Amino acid sequence: MLDPYADIAGTRAGLHALACHFPADRTGVVSERFGVPRPDGSELAVEIYRPERPPDEPGSLPYGQRPLPYGQGPLPYERAPLPGVVQFHGGGYTFGQAPPGEDRTAIELVRAVGAAVVSVEYRLAPEHPCPAAVEDGFLALEWTAGQASALGIDPARLAVGGQSAGGGLAAAVALMARDRGGPALVHQSLVVPDLDDTAGKRPTPADADPRLPDGAFVQRGWRNYAPEGAGAHPYAAAARATDLRGLPAACVVVCGLDPLRDTGLAYARRLVDAGVPVALRYVPGAWHGFEMFAPETRLARETTAYWTGRLRAALHGGHEGGSQAVSAGPGSHLTPRPSSAAPA
């Protein structure tokens, strides 16, 4: 692994070029971009992905006639509002934004989970250190809940989720929502979460293999994101929270060769001790982000099926449809913007 933090601008440009070279398959999925006003007058960009249109016949897939990539089978299209997932991308808090309309994780979640997925383009370090990203995450959640009726989202079925740094942000946003009195969440999906600034300070299973992200790699990310230390802000690192009671049910995924393994396991255990329902998946022999390199392998598909299945069950289990009235939140005037010239 070359050091992506040595030239963060170059890393971002390279990842953007790579994503544009391999456009996502948007078949059956549409998206709209919105600008959510921040208190300082700037705008947070969010993109909402959803099924393209209602099917002609009840029981058919909401995104086209083909099998679900993961999960237990087709979901009936809900003419009532869809559940919502506020999703945060990974990238060590410094990179990882997808081109407009090209968030692969969001697109796959629409198909696998049957939900509207809100992809959040939170501000990146080091230009915007903590708390910029986590405040953006909470703003996106608050806006989604406040505008649920206009967005076609059920505010009673909201979840947060992310992978790596995105998982760390999802955990922190869940804490903020609890402490600030809402919005209410039914689930937090924490996939190989980067939620503890001590991760990588001790020897890790990846340190002996130069091909894998190691502890030094993780620590470089934290120095960019929280240069004054994670203790300088109460939501910089979710693992620093002393009280985890009252949080939504969680799914935690950790990999055996990941420098984030031990801190992810410890957070899952603390959630259990606090009375929070936790589904834990430990993937031995796998490294951080292995699914990106080998997405069609059995292990990658089973791992993805596990956490998307838990998210799907949380959002759809025993639900009869319908929604509740909510007051308008930030950005009460919805002004969608084109996400791209044409779907890929």
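The structure displayed is predicted, hence computed values, not measured ones.
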Can you sort out the partners of [X] under salt bridge (charged side-chain N to carboxylate O under 4.0 Å, His left out), two or more places apart, ordered by chain and number?
X: Asp7; answer: none
X: Arg38; answer: Asp136
X: Arg12; answer: Glu127
X: Asp207; answer: none

- Where do Val134 and Val173 come nearest, in terms of heavy atoms and distance?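 For Val134 versus Val173, the nearest heavy atoms are O-CG2, 4.1 Å.
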
Sub-4.5 Å side-chain heavy-atom contact between [X] and [Y]:
X: Arg50; Y: Val110; result: no
X: Asp25; Y: Arg111; result: yes
X: Pro100; Y: Glu47; result: yes
X: Leu109; Y: Leu311; result: yes
X: Phe34; Y: Trp143; result: yes
X: Leu124; Y: Ile8; result: no
X: Val192; Y: Trp307; result: no
X: Pro129; Y: Glu228; result: no

- Do Glu108 and Arg104 sit within salt-bridge range, that is, some charged N less than 4.0 Å from a carboxylate O?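 No, this pair does not count.
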
- Just grab all the salt bridge (charged side-chain N to carboxylate O under 4.0 Å, His left out) pairs involving residues 162-189, residues at least two apart or on different chains.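 Pairs touching residues 162-189 that pass the test: Glu135-Arg180.
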
- Query: According to the salt bridge (charged side-chain N to carboxylate O under 4.0 Å, His left out) rule, which pairs have a member within residues 182-192, sequence neighbours left out?
  - Reply: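 Output for this query is empty, none listed.
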
- Query: Which pairs pass side-chain hydrogen bond (donor to acceptor under 3.5 Å, both in side chains) with one or both residues in residues 263-280, sequence neighbours excluded?
  - Reply: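 As it turns out, the side-chain hydrogen bond (donor to acceptor under 3.5 Å, both in side chains) pairs with a partner in residues 263-280, which skip direct neighbours, are Arg269-Asp273.
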
- Query: Checking Arg220 against Phe217: charged group under 6.0 Å from the ring centre and within 45 degrees of the axis?
  - Reply: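 Cation-pi check for Arg220 and Phe217: fails.
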
- Query: Which residue pairs satisfy the ring pair (Phe, Tyr, Trp, His ring centres under 6.0 Å) criterion with at least one member in residues 92-115, sequence neighbours excluded?
  - Reply: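 Those involving residues 92-115 are Tyr5-Phe95, Tyr93-Trp222, Tyr93-Tyr225.
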
- Query: For residues 181-207, which residue pairs qualify under ring pair (Phe, Tyr, Trp, His ring centres under 6.0 Å), counting only residues two or more places apart or in two chains?
  - Reply: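 For residues 181-207, and leaving out neighbouring residues, there are no ring pair (Phe, Tyr, Trp, His ring centres under 6.0 Å) pairs at all.
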
- Message: My understanding is that only residues two or more places apart in sequence, or in another chain, count here; which of them pass ring pair (Phe, Tyr, Trp, His ring centres under 6.0 Å) with Tyr49?
- Response: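 Scan of Tyr49 (ring pair (Phe, Tyr, Trp, His ring centres under 6.0 Å), adjacent residues dropped) gives none.
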
- Verdict with supporting geometry, His316 and Arg157, side-chain contact (heavy atoms from CB on, under 4.5 Å): CA-CA 8 Å; His316 291 277; Arg157 291 186 292 162; 4.0 Å; yes

With a cut-off of 3.5 Å and sequence neighbours excluded, list every side-chain donor-acceptor pair involving residues 279-294.
| residue | atom | partner | partner atom | Å |
| --- | --- | --- | --- | --- |
| His288 | ND1 | Asp258 | OD1 | 3.3 |
| His288 | ND1 | Asp258 | OD2 | 2.7 |
| His288 | NE2 | Ser164 | OG | 2.9 |

Donor-acceptor pairs under 3.5 angstrom involving side-chain atoms of residues 236-254: please list them, not counting sequence neighbours.
| residue | atom | partner | partner atom | Å |
| --- | --- | --- | --- | --- |
| Arg240 | NE | Asp197 | OD1 | 3.0 |
| Arg240 | NH2 | Asp197 | OD2 | 3.0 |
| Asp243 | OD1 | Arg245 | N | 3.0 |
| Asp243 | OD1 | Arg245 | NE | 2.9 |
| Asp243 | OD2 | Arg245 | NE | 3.4 |
| Asp243 | OD2 | Arg245 | NH2 | 3.0 |

